[in-house]
Amino acid sequence: MKDSPRNANSLVILDFETTGLSPSMGDRAIEIGAVRIRDGKVIDSFQELMDPGFLVDAFIEGYTGITNDMLAEARTCEKVMKDFADYIGDDNLVAHNASFDKRFLDSEFEEIDHSYSGKFVCSMLLARRIYQDAPNHQLGTLVDYKNIPSDGNFHRALYDAEMTAQLWMRMLNDISGRVRSPAPTFEMVCKLTRTPKKMIESLLQNWQA
DNA sequence: TGCCAGGCCCTCTTTAGGGCCTT
């Protein structure tokens, strides 16, 4: 789905499945999943496997459920990422542990000589601030902690992006009711998570419970 | 299975070390 008219309230939540942890060590993306939120609702999505140009190891096959047979039929990273660049446009971006996804996004975009203007923010850093009593801050744990409906099928890109989007909207909803002390203040959350204040303000203003 | 890397954050800290989180 790529019909994506944009405005200032759009936000793309994305997740990569990859061959490993570090593009600087030669790892590549093998799947991208993303959803776009506008005015508190998911309005469209993007998902595609991509062939990294080499075989992935057994751990990654088991961890993601993405096999080498599946990737053999996929388009190349370069072709998929060109479409994904069109999809995100200038929208701001969210990911769970964003430093990881940003490294891969930057690396794959470098391969196609593309840059983007949206700001990247991290749902995990926000969750660490506002859900300090959670058992841990893994995506699956937080989904359970907030009783977000889930079938537990994590480690596929679109599903993880969808769950991150639901978690992100839940966090915004919780922040809107916790701006008074002693809970973390709104300004504190923006500063500590490096989340642009205008982004959260805009999403809160347009949040539809 | 869990290491690789790297950013964030806490503490037995700041001239550092180690856990968490992502695949």
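When reading the values below, keep in mind they use all heavy atoms of this one structure, side chains included, and skip hydrogens, waters and symmetry mates. Protein chains get the first letters and strands the later ones, always in sequence-line order, with residue 1 at the start of each.
Nucleic acid contact class of A:D160 (heavy atoms, under 4.0 Å, all strands): sugar-phosphate only. Looking at heavy-atom distances under 4.0 Å, A:T19 makes no contact with the nucleic acid at all. In this structure, A:D101 reaches neither bases nor backbone, as no heavy-atom distance under 4.0 Å exists between it and the strands shown. Residue-level contact check: A:F104 touches neither bases nor backbone, having no heavy atom under 4.0 Å from any strand. Within 4.0 Å (heavy atoms only), A:I30 reaches no atom of the nucleic acid at all.
Between A:A58 and A:N97, the residue anchored closer to the 5' end of DNA chain B is A:A58, taking for each the nucleotide with the nearest heavy atom.
Every salt bridge (Lys or Arg N to Asp or Glu O under 4.0 Å) that A:E108 has, sequence neighbours left out, goes to A:R28.
One finds no side-chain N or O of A:S99 lying less than 4.0 angstrom from the OP1 or OP2 phosphate oxygen of B:dC8. For A:R129 and B:dC10, the shortest distance from a side-chain N or O to OP1 or OP2 is below 4.0 Å. Listed pair A:H155 / B:dT23 meets the phosphate criterion, a side-chain N or O lying under 4.0 Å from OP1 or OP2. Between A:H137 and B:dC20 there is no side-chain N or O to OP1 or OP2 distance below 4.0 Å.
Screening A:V121, A:L11, A:L105 for a side-chain contact (heavy atoms from CB on, under 4.5 Å) with A:L93, the sole residue that qualifies is A:L105.
For A:R128 and B:dC20, a side-chain-to-base donor-acceptor distance below 3.5 Å is present, hydrogens and geometry of angles not being considered.
Side-chain atoms of A:Y159 and A:D15 form no donor-acceptor pair, as typed in the model, at a separation below 3.5 Å.
Ring geometry for A:F109 versus A:F84: interplanar angle of 30 to 60°, hence tilted.
Of the candidate nucleotides B:dC21, B:dA5, B:dC4, B:dA5 has the atom lying nearest to any side-chain atom of A:S24.
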